[in-house]
Peer 1: 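One structure, pasted below without further comment.
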Number of protein chains: 2
Amino acid sequence: MTQKGITLKEVAAAANVSRATAARALNSYGYVGDETALRVLEAAERLGYRANLVAQALRSGQLPIVGFVPGDIQNPFFARIAHDIEVELRKHRHNLLIASSEENVEQEKELLESLRSLSIRGFILAPTSATDSQHIVQLANEGAPVVLIDRVVKDLQCDSVVVDNEGGAREAVDYLIANDHERIGLLRDESRIFTAQERLAGYQNSLRSHGIALDESLISVSRSTVEHAVEATIRLFSRRNRPTALFTVDSLMTQGALLGLRSMGLSIPHDVSLVGFDDFNLATFTDPQITVVAQPISEIGPLAAKFLLERLAGKKIAPRHIRFPTRLIVRGSVAQFNRR
Amino acid sequence: MTQKGITLKEVAAAANVSRATAARALNSYGYVGDETALRVLEAAERLGYRANLVAQALRSGQLPIVGFVPGDIQNPFFARIAHDIEVELRKHRHNLLIASSEENVEQEKELLESLRSLSIRGFILAPTSATDSQHIVQLANEGAPVVLIDRVVKDLQCDSVVVDNEGGAREAVDYLIANDHERIGLLRDESRIFTAQERLAGYQNSLRSHGIALDESLISVSRSTVEHAVEATIRLFSRRNRPTALFTVDSLMTQGALLGLRSMGLSIPHDVSLVGFDDFNLATFTDPQITVVAQPISEIGPLAAKFLLERLAGKKIAPRHIRFPTRLIVRGSVAQFNRR
DNA sequence: GATCAATGTGAGATCGATCTCACATCCGGA
DNA sequence: TCCGGATGTGAGATCGATCTCACATTGATC
């Protein structure tokens with residue numbers, strides 16, 4: 001069935017030395033005679049020897065693999081980060097194992113459970129729940145380095161790389177208010193997720209600081225998929241006295257809002273102004289282009305990978321918590337309320 | 001550093017039996033006394049024993065991991081497939097290791113080289129090159145099952161799951177011709193990639209069968225990124241006597257064309273008609289919506305995973321070559337040439 | 001010429017799970 | 001009562017790489 005690879009033993013035999021000497025020659029440590037080393041290297045080359053990483057892992061206790069558990073690999077945000085992490089890891093001869101939690105805590109638990117027995121060296125996680133995180137704490141306690149991205153978790157001391165969700169959301173809503181909107185709708189996802197909570201807080205803080213009363217009827221909650229967001233948008237805008245502007249908390253929601261509003265015959269920005277959290281390539285293809293709060297997505301993956309690699313190399317310092325600022329990109333989806 | 005896990009030895013000691021007996025009890029094979037088995041199971045439970053997959057892999061020669069090498073995980077097409085494969089593998093307690101070739105043959109070679117020493121059980125590949133494939137043949141010869149998706153490779157006997165690229169492209173161009181277009185531009189990527197060749201062939205075959213002469217000046221080649229496609233589009237439409245319609249060979253190209261045409265002030269479908277290969281969510285957000293050739297993307301991943309799992313289970317039958325049909329989705333980006 | 005350090009090499013243990021083989025013990029049937 | 005098969009268990013080998021330790025050499029130094 002599986003054709004066996006060349007083992008160290010065979011190389012050693014071919015070079016007429018012991019396994020120990022062959023290992024020394026190949027990994028250049030300890031004393032080896034020059035001529036012997038040459039013979040071993042030549043034999044290894046000739047036979048096409050490649051070290052068995054599993055055997056190495058059994059001794060060292062660790063496979064050169066890092067686990068990445070994003071909310072959903074199909075989300076371009078995570079796909080981009082996965083790609084960046086992989087590039088970084090590859091430089092250090094590590095592989096990336098991706099296992100989507102699909103935003104499901106139970107699945108996240110199962111995944112981590114199964115990855116743990118794989119002797120994986122470290123983890124980069126986007127935890128699904130801000131509170132139900134005992135399994136992650138446990139993972140970290142077992143000694144495997146963990147870096148959190150996009151979302152953090154209570155009671156867990158480890159590196160994290162997130163963005164300023166509250167500030168970004170606040171800036172978005174501030175901008176709508178600066179354009180004389182007061183009835184500002186919010187399309188948000190389930191609060192279980194950390195980013196959703198922070199973005200909600202930003203929305204609330206902005207309104208509050210401008211003396212605008214919160215109106216629960218302006219908030220629509222849905223699952224974070226385009227389809228659910230379409231429905232939630234239609235629900236929101238079917239009410240009497242509907243919002244004049246809408247803030248959506250992620251790019252899937254924004255896409256859903258776009259479709260929902262179009263299906264209701266509402267035009268942007270004439271009938272409704274729109275600002276979305278998270279930039280996405282579609283935002284510049286629509287007419288008008290969509291104003292968004294952009295995350296520095298290209299920095300998250302590489303930094304998370306860097307942190308993890310440092311931990312793998314044994315760096316022992318206090319956990320670092322990086323929070324990147326966001327940036328409001330003004331395009332054409334917001335109109336001044338009075339001028340409509 | 002890494003807190004050690006509980007080993008079989010410790011469980012055996014706790015249950016006061018030998019390692020052999022403990023293994024028998026836990027994996028239920030051979031003879032074990034009922035009471036003994038119970039004691040072992042109880043001890044394992046109490047200590048939180050989890051088998052070390054690396055040690056198992058060393059004996060069995062295989063890790064429960066499958067490698068997936070797509071052209072680019074950021075491409076939604078591959079992200080979707082990766083997700084589907086993962087779901088399927090997870091059912092059989094296998095993990096998915098993703099390593100993007102980034103459409104670079106050299107990188108593909110290096111990746112496979114490094115994955116080989118990981119004792120990975122099988123591979124799902126989208127080969128970057130249709131011809132430079134010696135490394136893949138070699139991989140297959142070593143015994144690891146390989147399933148090709150999206151693209152096939154010469155001289156390699158293994159399962160493959162692709163779509164009818166030639167037919168899809170032909171249908172798209174047929175449709176443009178049916179709408180009285182004759183000067184039909186083609187935006188395609190480097191011919192190294194299998195799908196590009198087939199789609200080019202479809203374009204040529206359609207023209208030929210309608211008695212329209214091929215005109216090399218209507219074909220623009222670019223790398224498959226939005227940015228490069230923008231430039232290629234502008235090059236193509238800056239010529240005198242430009243095309244009245246454009247066929248793009250993948251969704252990134254289609255996006256590039258959209259941006260390129262917009263920047264030149266050309267409107268779709270009034271000035272230029274457009275059909276793209278591969279549906280993508282953006283296609284329904286533009287105005288007008290884009291007519292595309294859709295691939296049955298939701299079927300590719302699960303089928304490839306199924307094939308691979310069957311091979312892993314030891315199924316020995318002739319290689320299967322599945323070629324899914326495509327489907328033309330008519331939206332609003334094509335106008336009758338005479339009616340413009 | 002003796003001694004000690006530097007240099008070079010191999011035998012064997014180790015990582016954790018599993019499998020083979022040998023050895024008990026028990027029971028029913030002759 | 002004795003024998004043979006069924007049943008239950010443990011010692012030790014195995015997978016492949018690496019590391020420790022012990023043992024040879026060699027050369028330099030007094």
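Order of the sequence lines sets the chain letters (A, B, ...), proteins ahead of strands, with each chain counted from 1. None of these values were measured; they are calculated from a predicted model.
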Peer 1: Rounded to whole angstrom units, what separation is found between the NZ atom of B:Lys9 and the P atom of D:dG10?
Peer 2: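 Taking atom P of D:dG10 as the reference, NZ of B:Lys9 is at 15 Å.
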Peer 1: Output the rounded distance in Å from CZ (A:Arg59) to P (C:dC15).
Peer 2: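 Taking atom P of C:dC15 as the reference, CZ of A:Arg59 is at 8 Å.
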Peer 1: For A:Glu45, which residues count as a salt bridge (charged side-chain N to carboxylate O under 4.0 Å, His left out) partner, sequence neighbours excluded?
Peer 2: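 In terms of salt bridge (charged side-chain N to carboxylate O under 4.0 Å, His left out), with neighbours along the sequence ignored, A:Glu45 is linked to no residue.
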Peer 1: Do NZ/NE/NH1/NH2 and the carboxylate oxygens of B:Glu102 and A:Arg90 come within less than 4.0 Å?
Peer 2: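 Judged by the 4.0 Å cut-off on N to carboxylate O distance, B:Glu102 and A:Arg90 do not form a salt bridge.
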Peer 1: Name all residues meeting the side-chain hydrogen bond (donor to acceptor under 3.5 Å, both in side chains) criterion together with B:Arg223; count only those two or more places apart in sequence or in a different chain, and write none if there are none.
Peer 2: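 Result, side-chain hydrogen bond (donor to acceptor under 3.5 Å, both in side chains) vs B:Arg223: none returned.
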Peer 1: Just the rounded figure in Å: distance from P of C:dT18 to CD of B:Gln62.
Peer 2: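 For the pair B:Gln62 CD and C:dT18 P, the rounded distance is 15 Å.
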Peer 1: Within this structure, what is the CD-to-C1' distance between B:Gln56 and C:dA17, rounded to whole angstrom?
Peer 2: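 Taking CD of B:Gln56 and C1' of C:dA17, I get 6 Å after rounding.
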Peer 1: Which heavy atom in B:Asp150 sits nearest to a heavy atom in B:Phe194, and how many Å separate them?
Peer 2: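 Heavy atoms only, the tightest pair is O-CD2, 3.8 Å.
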Peer 1: Report, one pair per line, the protein and nucleotides 22-29 of chain D atoms (nitrogen or oxygen only) whose separation is under 3.5 Å.
Peer 2:
none

Peer 1: Once salt bridge (charged side-chain N to carboxylate O under 4.0 Å, His left out) is applied, do any residues pair with B:Lys154, and if so which ones, sequence neighbours excluded?
Peer 2: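 In terms of salt bridge (charged side-chain N to carboxylate O under 4.0 Å, His left out), with neighbours along the sequence ignored, B:Lys154 is linked to no residue.
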Peer 1: Using a strict heavy-atom distance below 4.0 Å, which residues from residues 24-31 of chain B are in contact with DNA chain D?
Peer 2: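 Those residues whose heavy atoms fall under 4.0 Å from DNA chain D, taken from residues 24-31 of chain B in numerical order, are B:Arg24, B:Tyr31.
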Peer 1: Would you please say whether a donor-acceptor pair under 3.5 Å links the side chains of B:Gln62 and B:Ser119?
Peer 2: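 B:Gln62 vs B:Ser119: no donor-acceptor pair found between side chains.
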Peer 1: Quick one: A:Leu8 CG to D:dG16 P, roughly how many Å, whole number?
Peer 2: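 Distance, rounded to whole Å: 11 Å.
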Peer 1: Given atom CD of B:Glu10 and atom C1' of C:dA17, what is their separation to the nearest angstrom?
Peer 2: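 Rounding to the nearest Å, CD of B:Glu10 and C1' of C:dA17 are 13 Å apart.
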Peer 1: In this structure, how many angstroms lie between the C1' atom of C:dC19 and the CG atom of B:Leu58, rounded?
Peer 2: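 Result: 14 Å.
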Peer 1: Among residues 33-43 of chain B, which contact DNA chain C at a heavy-atom distance under 4.0 Å?
Peer 2: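 Heavy-atom contacts with DNA chain C come from no residue of residues 33-43 of chain B; none.
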Peer 1: Before accepting this row, confirm whether a basic side-chain N of the pair A:Glu103/A:Arg151 lies closer than 4.0 Å to the acidic partner's carboxylate O.
Peer 2: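 Answer for the salt bridge query: yes.
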Peer 1: Side-chain donor-acceptor contacts of residues 31-41 of chain B below 3.5 Å, not counting sequence neighbours, with atom names and distances?
Peer 2:
{"from": "B:Arg39", "atom 1": "NE", "to": "B:Ala15", "atom 2": "O", "distance (Å)": "3.0"}
{"from": "B:Arg39", "atom 1": "NH2", "to": "B:Ala15", "atom 2": "O", "distance (Å)": "3.1"}

Peer 1: Kindly write out the residues that satisfy side-chain hydrogen bond (donor to acceptor under 3.5 Å, both in side chains) with B:Gln74, not counting sequence neighbours, or none if the list is empty.
Peer 2: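 Result, side-chain hydrogen bond (donor to acceptor under 3.5 Å, both in side chains) vs B:Gln74: A:His83.
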Peer 1: Atom CG of A:Leu63 to atom P of D:dG16: distance rounded to whole Å?
Peer 2: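 It is 16 Å, rounded to the nearest whole Å.
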Peer 1: Residues two or more places apart in sequence or in another chain: which of them pass side-chain hydrogen bond (donor to acceptor under 3.5 Å, both in side chains) with B:Arg50?
Peer 2: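 Expected list: A:Glu113.
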Peer 1: Let me check the geometry of the helix from C:dG1-D:dC30 to C:dA30-D:dT1. What is the bend angle between the axes at its two ends, five pairs each, to 10°?
Peer 2: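 Helix axis angle between the two ends: 70°.
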Peer 1: Does any residue of residues 16-23 of chain B have a heavy atom under 4.0 Å from DNA chain D, and if so, which ones, in number order?
Peer 2: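 Within residues 16-23 of chain B, the residues near DNA chain D are B:Val17, B:Ser18, B:Arg19, B:Ala20, B:Thr21.
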Peer 1: Can you name the residues that form a side-chain contact (heavy atoms from CB on, under 4.5 Å) with B:Glu110, not counting sequence neighbours?
Peer 2: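 B:Glu110 satisfies side-chain contact (heavy atoms from CB on, under 4.5 Å) with no other residue.
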